[in-house]
Amino acid sequence: SSLFQMSESATTEMAELAVEGEKKLSKKELNKLAKAAKKADAKASNQAAKGEGAGDEAAAKEDEEDVSVGMYGSYGLIQSSDVKDIKFTELAEINAGLDGQEIWVRGRIHATRSKGKTAFIVLRHRVHTAQLMLFVGEKLSKQMLKFVAGIPKESIVDVQGLVKKVEGAGIASCTQKDAELHAIQLFVVSSAEPRLPLQIEDAARGENDASGLSGVNLDTRLDNRVLDLRTPTTQAIFAIQAGVCRFFRDTLASRGFTEIHTPKIISAASEGGANVFQVTYFKGSAYLAQSPQLYKQMAIAGDFDKVYTIGSVFRAEDSNTHRHMTEFMGLDLEMAFKFHYHEVMNTIGEVLIGIFKGLQAEFSHEIAAVCAQYPAEPFKFCEPALVLKFSDAIAMLRADGVEIGDEEDMSTPVEKQLGRLVKAKYDTDFYILDKFPLAVRPFYTMPDPHDQRYSNSYDMFMRGEEILSGAQRIHDSVFLAERAKHHGINLEQIQAYIDSFKYGCPPHAGGGIGLERVTMLFLGLHNIRLASLFPRDPKRITP
């Protein structure tokens, strides 16, 4: 090397100087000069050796074979250009019974921990998680481990892995505790941005979390709803909500009800009130339906006998409370009866009890998951449902110190107080309040034949909050027109509705249930927005 050559030159020069100055230099000085030259030679040799060693190491690193070539990477944008012959196993199915088998799974990168030649990955699919391990060795390269460790959280990946049984207590941090995957291949399906607006583990944190770390506030959750929907709690909430709809449909279908679909753009306010959204309709105007009420009744007049519908309901109420929304899902039903509206009221009570029983039987895991983040007392109900007269409820409230008139509608705080009194006395969170004052009900409500101050109407409550409002409807066109006039409604706007009852109509009753309220109150959630996929209220119309 050049360093080594420089060292030789320096030695020669020193020797020549020694010869020339032999007579002038003493023996001691010559020895000193020789030692210096030797030291310079040694230093140069060491530097040369180090330089050559570093070069060799770099070359070795550069030439190190990647034994995992073709076993990791990214699919790129999937545009359905081809079909891969891969059979996938659901993450939820990973267990010790698959020990020794090679399987493919698809999931999200939930968490990553990498150190040296080992990496631990938690894969997540919906509410299930499993551990994936990578070890650098003969079949897995450092390059592959580095690639996997650098994949952003929430990215979707396909993994081929060998299932290994886990002994002992299992993996505490995963739902799949008795088995893990050892990576063979891994490919990115869809990569997430490296910086997330919220962390899934933060959004899933309970209000009294043992870690002492705070969760994510509701507005941040709703602003980033797509991420918030991925938490195990939110997944469980909407699984339960889907169960409510399924049990509602199945129970009514088994009782001979027909599902119908009603217009949401209407010519007049369906409830006869002012809380309606007015929209431009070509050269005129129209309204968004506050209820499918009128059309359910018209179906009964058309001999459908028993009907139900599930659809959006719109209320232009500027109410920024924990339980009000401007758009929600209504579970509505209407039914002809023989002689008394209690035939219908009791049917609705039975349907709701059937829903509660179904949820408790089939969704115990989901209920527990929600309760872990939002603790609540288990929902209680009695069978048959408790029915209280409005006047009896007023008496209970007065006995508890509430000042309220005989025909006065209950405020939200008073309803909740009544709920506490009912729970204490009857040990039920679900009850029916019958015979409401006529003055606080819509124009189409049938008056009580024995006391004109009251009506053949009812509300149903869960945990002291209303979830259903219903009544016997007026099925006589002359009487209906009279009541509409009394409420100051323009008859021309509802003439088609009134005419529906001119040609004979069976006596009938029904009700409308708020899906989000049932979900919220069954689970004991503190805000209805948690039970709405993309909530709408006076301050929120996105996302």
Side-chain angles (χ1 to χ4, degrees), residues 62-95 97-114 117-164 174-176 179-197 200 224-232 234-235 238-239 242 533-534 543:
E62 205 171 297
D63 296 337
E64 185 179 319
E65 183 186 358
D66 183 353
V67 295
S68 300
V69 167
M71 307 292 276
Y72 67 96
S74 173
Y75 287 146
L77 183 64
I78 294 178
Q79 295 181 283
S80 303
S81 58
D82 57 6
V83 177
K84 296 184 185 297
D85 187 20
I86 297 175
K87 182 183 178 182
F88 284 91
T89 300
E90 290 294 326
L91 209 67
E93 296 171 5
I94 296 174
N95 60 65
L98 298 178
D99 185 40
Q101 294 185 33
E102 290 183 6
I103 63 170
W104 280 90
V105 296
R106 177 169 290 187
R108 289 187 184 275
I109 301 286
H110 181 70
T112 302
R113 184 162 56 89
S114 176
K117 296 184 177 182
T118 308
F120 297 85
I121 311 289
V122 175
L123 296 174
R124 189 186 78 245
H125 180 63
R126 303 198 71 182
V127 300
H128 300 283
T129 51
Q131 182 166 276
L132 170 70
M133 298 194 70
L134 293 91
F135 306 96
V136 172
E138 292 180 2
K139 296 183 179 180
L140 198 148
S141 68
K142 290 179 181 177
Q143 293 94 323
M144 179 173 174
L145 187 138
K146 184 179 178 181
F147 173 82
V148 174
I151 299 172
K153 287 169 71 172
E154 293 305 298
S155 296
I156 301 170
V157 294
D158 281 354
V159 179
Q160 184 191 30
L162 178 67
V163 180
K164 287 283 188 180
C174 294
T175 61
Q176 310 312 107
E180 64 188 11
L181 279 179
H182 289 204
I184 299 170
Q185 299 188 66
L186 188 148
F187 295 92
V188 176
V189 178
S190 178
S191 184
E193 291 283 332
R195 188 168 181 175
L196 300 171
I200 303 301
N224 302 282
R225 191 58 159 159
V226 168
L227 283 176
D228 185 51
L229 291 176
R230 297 177 188 176
T231 68
T234 310
Q235 289 277 316
F238 290 103
L533 202 66
F534 297 101

Enquirer: Taking all non-hydrogen atoms of both residues, which atom of Pro152 and which atom of Ile109 are closest, and how far apart?
Expert: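 Minimum heavy-atom contact is O-CB, 4.0 Å.
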Enquirer: Out of curiosity, Met71 CE to Leu140 CG, how far, rounded to the nearest 0.5 Å?
Expert: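 Between atom CE of Met71 and atom CG of Leu140 there are 8.5 Å.
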Enquirer: Going by side chain to side chain contact (heavy atoms under 4.5 Å, CB included), name the residues that satisfy it together with Lys84, two or more places apart in sequence or in a different chain.
Expert: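 Listed in chain order: Tyr75, Asp82, Ile86.
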Enquirer: Report yes if some heavy atom in the side chain of Phe120 is under 4.5 Å from a heavy atom in the side chain of Met133; otherwise report no.
Expert: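 A side-chain contact exists here, since the closest heavy-atom pair is under 4.5 Å.
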Enquirer: How far does CG of Leu145 sit from CD1 of Ile121, to the nearest 0.5 angstrom?
Expert: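 So the CG of Leu145 and the CD1 of Ile121 are separated by 8.0 Å.
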Enquirer: Given 3.5 Å as the limit, does a donor-acceptor pair link the side chain of Gln235 with the main chain of Leu229, or not?
Expert: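 Yes; at least one donor-acceptor contact below 3.5 Å.
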Enquirer: If you measure from CG on Leu134 to OG on Ser141, what distance do you get to the nearest 0.5 Å?
Expert: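 Separation between the atoms: 10.0 Å.
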Enquirer: Only counting residues at least two apart or in another chain, list the ones meeting side chain to side chain contact (heavy atoms under 4.5 Å, CB included) with Val122.
Expert: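 Val122 satisfies side chain to side chain contact (heavy atoms under 4.5 Å, CB included) with His110, Ala111, Thr129, Cys174 once adjacent residues are dropped.
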Enquirer: Any side-chain heavy-atom pair from Val67 and Glu138 closer than 4.5 angstrom?
Expert: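 Result no, sub-4.5 Å side-chain heavy-atom pair not found.
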Enquirer: Enter the distance from Lys164:NZ to Leu181:CG here, rounded to the nearest 0.5 Å.
Expert: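 CG of Leu181 is found 11.5 Å from NZ of Lys164.
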Enquirer: Is the count of non-hydrogen atoms from other residues, nucleotides or ligands lying under 6.0 Å from Arg230 atom CZ greater than 12?
Expert: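 Enclosed: over 12 neighbouring heavy atoms sit under 6.0 Å from CZ of Arg230.
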Enquirer: Looking only at non-hydrogen atoms, find the nearest pair between Ala179 and Val163 and report the distance.
Expert: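 Heavy atoms only, the tightest pair is CB-CG1, 4.0 Å.
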Enquirer: Could you check Leu132 against Leu186 for side-chain contact (heavy atoms from CB on, under 4.5 Å), going step by step and ending with a plain yes or no?
Expert: CA-CA 11 Å; Leu132 170 70; Leu186 188 148; 3.9 Å; yes
Enquirer: For the backbone of Ala192 and the side chain of Ser155, can you confirm whether one donor and one acceptor N or O come within less than 3.5 Å of each other?
Expert: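 Flag set: sc Ser155 to bb Ala192 pair under 3.5 Å.
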Enquirer: Return the minimal non-hydrogen interatomic distance between Val188 and Ile151, and the atom names on each side.
Expert: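 The pair with the smallest heavy-atom distance is CG2-CD1, 3.8 Å.
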Enquirer: Between Phe187 and Trp104, how do the two ring planes meet: parallel, tilted or perpendicular, split at 30° and 60°?
Expert: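 Rings of Phe187 and Trp104: parallel, under 30°.
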Enquirer: Quick one: are Arg124 and Glu154 in side-chain contact, heavy atoms under 4.5 Å?
Expert: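 When only atoms from C-beta onward are counted, Glu154 and Arg124 do touch, with a gap below 4.5 Å.
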Enquirer: Working note: Val127 + Thr175, criterion side-chain contact (heavy atoms from CB on, under 4.5 Å); need CA distance, chi angles, decisive distance, verdict.
Expert: CA-CA 8 Å; Val127 300; Thr175 61; over 6 Å; no
Enquirer: First locate atom CG of Leu91, then atom CZ of Arg126, and finally report the distance between them rounded to the nearest 0.5 Å.
Expert: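 It is 12.5 Å, given to the nearest 0.5 Å.
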Enquirer: Is the backbone N or O of Glu93 less than 3.5 Å from a side-chain atom of Asn95, with the two atoms forming a donor-acceptor pair by type?
Expert: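 Pair found, side chain donor or acceptor close to backbone of Glu93.
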Enquirer: Can you sort out the partners of Phe135 under ring-ring contact (aromatic ring centres under 6.0 Å, His included), two or more places apart, ordered by chain and number?
Expert: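 With sequence neighbours excluded, Phe135 shows a ring-ring contact (aromatic ring centres under 6.0 Å, His included) to His182, given in chain and number order.
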Enquirer: Whether the side chain of Arg225 engages the backbone of Leu533 through a donor-acceptor N/O pair (distance < 3.5 Å, no angle test) should be reported.
Expert: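 Side chain of Arg225 to backbone of Leu533: a pair is present.
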Enquirer: How long is the gap from CG on Leu98 to OG1 on Thr89, to the nearest 0.5 Å?
Expert: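 OG1 of Thr89 is found 6.5 Å from CG of Leu98.
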Enquirer: Which pair of heavy atoms, one from Lys139 and one from Ser68, lies closest together, and at what distance?
Expert: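 Taking Lys139 first and Ser68 second, the nearest heavy atoms are O-OG, 3.6 Å.
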Enquirer: List the atom of Gln143, the atom of Asp66, and the distance in Å for their closest heavy-atom pair.
Expert: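 Looks like CB-OD2, 3.5 Å.
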Enquirer: Which atom pair, heavy atoms only, marks the closest approach of Phe88 to Arg106?
Expert: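 Closest approach of Phe88 to Arg106, heavy atoms only: CD2-N, 3.9 Å.
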